[in-house]
Amino acid sequence: MSDLTTAPPVEQAPPGEPQDRGVRATLTGMADRVRGGDLGVWPVVAGLVVIWTVMQVLNSVFLSSANLVNLAMECVPVGVIALGVVFMLLVGQIDLSVGSVSGLSAAITAVLFVDHGMPAVVAIVAAAAAGCLIGWFYAQVFNRLGVPSFVITLAGLLGFLGLQLLTLGPKGSINLPFDSWLVTFAQLDFVPPWLAYALSAAGAAALYWTGHAKAAARRRAGLPATTEQTLVLRSAVLLVGLAVAVWYLSRDRGVGWMFVLFLGLVLAMHYVLSRTKYGKSVYAVGGNVEAARRAGINVKAIYTSAFVVCTTLAAVGGILAAARLAAANQSSGGGDVNLNAIAAAVIGGTSLFGGRGNAFAALLGIVVIQSISSGLTLLNLDSSYRFMVTGAVLLLAVALDSVARRSRRTHGRA
Amino acid sequence: MSPTPSTAAPAPAAAKDGALLSLRGVSKSFGAVAALTGVDLDVAAGEVVALVGDNGAGKSTLVKVLSGVHPPDAGTITFESREVSVPSPAAAQQLGIATVFQDLALCENLNVIENLFLGRELRALRLDEVAMEVRSRELLRQLSAKIPSVEAPVAALSGGQRQTVAIARSLLGDPKVIILDEPTAALGVAQTAEVLNLIERLRERGLGVVMISHSMADVKAVADRVAVLRLGRNNGVFDAETTSAEELVAAITGATDNVVSRRSRRARAAAGEPGTGPGAGPGDAEEPAAPVAMTKEDGDE
């Protein structure tokens with residue numbers, strides 16, 4: 001989120017006339033971009049506020065600490081899968097099989113860990129490796145035979161569901177022992193409040209420090225830079241926000257380690273996508289494959305990496321889901337997991353057409369979806385309503401994206 | 001200003017000493033189709049050579065030979081007085097021959113800096129954004145490019161600005177020769193002027209420029225020499241200053257009496273002017289609507 005709020009305004013001083021960007025310039029720049037159809041995270045945040053308000057009015061338990069703690073934990077498995085989907089969408093492809101792959105990975109973990117008595121670590125690594133291998137296989141079919149990713153992964157959706165059922169065997173369900181660290185991690189491990197506050201402070205300090213170093217380097221090079229005032233304000237807002245969240249969640253059980261892991265993955269992915277040569281190549285392939293190829297980017301390798309990252313994260317999500325449920329069964333990764341993961345990526349602002357979006361989309365999107373799910377569950381409405389509401393929100397998100405795209409086009413920012 | 005009414009090519013002004021890039025007898029066939037037959041071309045440093053010809057004359061093939069996309073079947077390429085081979089696009093860039101293709105190959109979702117440095121970012125694992133921005137601004141300033149912001153996505157730029165970005169990108173590799181494929185096609189009047197200014201700045205920087213164009217007006221505006229290709233062969237090298245657009249069209253189509261000259265004669269007759277010989281009035285050089293219609297004997301594809 002940080003870079004979205006600090007990205008410089010499009011209109012700026014002409015080259016050679018460095019002019020620092022203060023708080024006001026940053027805010028006007030943001031407003032300009034929104035008017036131009038570059039909505040960024042604002043629609044999602046606004047949607048989230050609306051959903052939370054409505055849910056709270058309908059049932060006052062919704063915004064309680066206890067429910068929000070649960071909500072945060074529930075977000076993680078599908079959120080991790082959505083992170084992989086974001087990657088896939090960025091290169092302009094799609095993976096429809098993330099649900100099945102996560103189910104297969106849950107089954108592998110449970111069979112190796114429980115039935116074969118292997119250490120949890122071995123089971124986890126094996127499941128993640130299986131996910132990795134599936135991605136590699138997809139990529140070979142995609143790169144060598146030119147089959148559309150849509151079709152490959154649709155075949156995978158069915159095929160790996162079958163493999164999941166085969167792996168689970170006739171029992172169809174395997175319970176994970178409650179005293180294993182895997183289950184404890186997903187259900188009971190919470191960050192002690194003091195550490196959570198310390199992590200929040202460290203996060204805010206890191207944001208300030210990186211911003212400060214960047215601004216200093218830019219000033220040395222004679223480029224316009226973000227002012228100290230903006231940097232401090234930005235970090236202060238983050239610090240207060242995180243501290244309030246930690247305080248509120250700590251009234252109940254607090255912030256789960258699993259959620260911290262998710263945040264860590266999102267931040268790592270954000271760094272890779274925005275600050276490395278590889279990340280730029282991913283956006284380039286999603287934006288214009290031919291241009292990427294002419295620029296000397298190994299397009300096939302980028303596709304391969306996207307498939308592998310997506311299926312591996314799907315496998316990791318499947319392991320976390322099994323740990324959270326303390327079981328792997330025939331419906332692991334089934335039902336709405338697949339579509340929720342893809343919907344989360346899209347609702348969070350990742351374009352279905354490639355080259356547009358970022359890692360935070362997975363986080364925001366999954367919070368929206370889980371909020372709806374949690375709120376409707378609290379209202380004792382069964383999944384029939386949940387499906388309909390989630391479907392409507394997805395349609396709304398894509399419609400908003402399409403309208404924004406049209407606006408971008410008329411403002412020349414398509 | 002001594003127009004020669006004949007279409008015979010003037011004595012080749014090529015083979016200058018100090019030519020940066022020289023092609024001699026370059027041939028290229030695709031199956032049974034001979035796209036290029038014994039083509040010669042010279043480009044000196046600080047010189048703009050326009051490459052003109054009708055559709056199917058072999059211009060694009062020649063560009064692809066130079067940029068390493070298609071290696072030639074026969075002939076020699078001499079670069080900086082060394083005979084070289086250009087087996088791949090990477091080899092061409094290594095030598096210092098940069099090509100800007102007509103479709104520009106820019107990523108619209110990335111900004112100007114990201115496009116300039118695409119595929120050659122500084123510091124792969126922790127991008128040196130400051131250095132890349134400084135270099136981008138410097139380069140665009142040298143070209144006096146009018147880009148609203150280096151942080152604007154390319155989608156926000158006009159056609160001329162995109163052409164500028166594409167040319168600037170090719171300059172990052174410090175080339176000695178730059179090949180522009182139809183740089184002014186599909187541009188408006190002001191944008192075309194912008195790109196022509198840019199081409200003049202490339203010449204001032206001492207680069208050899210090969211410009212493919214269908215627009216006689218643009219060719220006359222910036223080129224030093226005009227090399228005409230017809231049916232995959234050289235059809236004369238002309239001095240851009242002293243050759244009229246009509247003579248060029250005559251060389252391109254291979255006939256003094258061609259569609260374009262007939263049109264201008266008709267126009268003059270309609271205006272009540274006495275019939276003047278072709279090439280007598282350089283002012284009437286109406287831009288032939290590209291692509292120029294072929295005359296009967298033009299049997300190529």
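Chain letters run A, B, ... following the sequence lines, proteins first, then strands; residues in each count from 1. Since we're looking at a predicted model, the values are computed, not measured.
- Among B:Asn111, B:Leu140, B:Asp103, the residue with the largest count of heavy-atom pairs under 4.5 Å with chain A is B:Asp103.
- Listed for the A:Asn288 side chain is no donor-acceptor partner under 3.5 Å among the backbone atoms of B:Glu108.
- Interface remark: of the candidates A:Gly279, A:Ser281, A:Ala284, A:Ala284 forms the most heavy-atom pairs closer than 4.5 Å to chain B.
- B:Asn109 places a side-chain N or O within 3.5 Å of a backbone atom of A:Gly355 that can act as its donor or acceptor partner.
- Atom SG of B:Cys107 sits about 7.0 Å away from atom CD1 of A:Ile297, to the nearest 0.5 Å.
- Residues of residues 115-130 of chain B that come closer than 4.5 Å to chain A, counting heavy atoms only, are B:Leu118, B:Gly119, B:Arg120, B:Glu121, B:Ala124, B:Leu125, B:Arg126, B:Leu127, B:Glu129, B:Val130, ordered by residue number.
- B:Val134 and A:Ala221 make their closest contact through CG2-CB, 3.5 Å (heavy atoms, listed as atom of the first residue, atom of the second, distance).
- Crowding of B:Gln142 atom CD: a count of heavy atoms from other residues, nucleotides or ligands under 6.0 Å exceeding 12.
- Evaluation of the salt bridge (Lys or Arg N to Asp or Glu O under 4.0 Å) rule for A:Arg220 yields no partner, not counting sequence neighbours.
- Other residues, nucleotides and ligands contribute over 12 non-hydrogen atoms within 6.0 Å of the NZ atom of A:Lys277.
- The two residues B:Leu110 and A:Lys280 make their nearest non-hydrogen contact at CD1-O, 4.3 Å.
- Along residues 171-182 of chain B, no residue comes nearer than 4.5 angstrom to chain A, judged on non-hydrogen atoms.
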For side chain to side chain contact (heavy atoms under 4.5 Å, CB included), just list the numbers for A:Arg294 and B:Phe101, CA-CA rounded to whole Å, side-chain angles, deciding distance to a tenth of an Å, and then say yes or no. CA-CA 10 Å; A:Arg294 295 234 199 105; B:Phe101 286 99; 3.9 Å; yes
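- Counting heavy atoms of neighbouring residues, nucleotides and ligands inside a 6.0 Å radius, atom CD of B:Glu200 exceeds 12 of them.
- No more than 12 heavy atoms of other residues, nucleotides or ligands lie within 6.0 Å of CZ in A:Phe150, so this atom counts as exposed by the packing criterion.
- Along residues 159-168 of chain B, no residue comes nearer than 4.5 angstrom to chain A, judged on non-hydrogen atoms.
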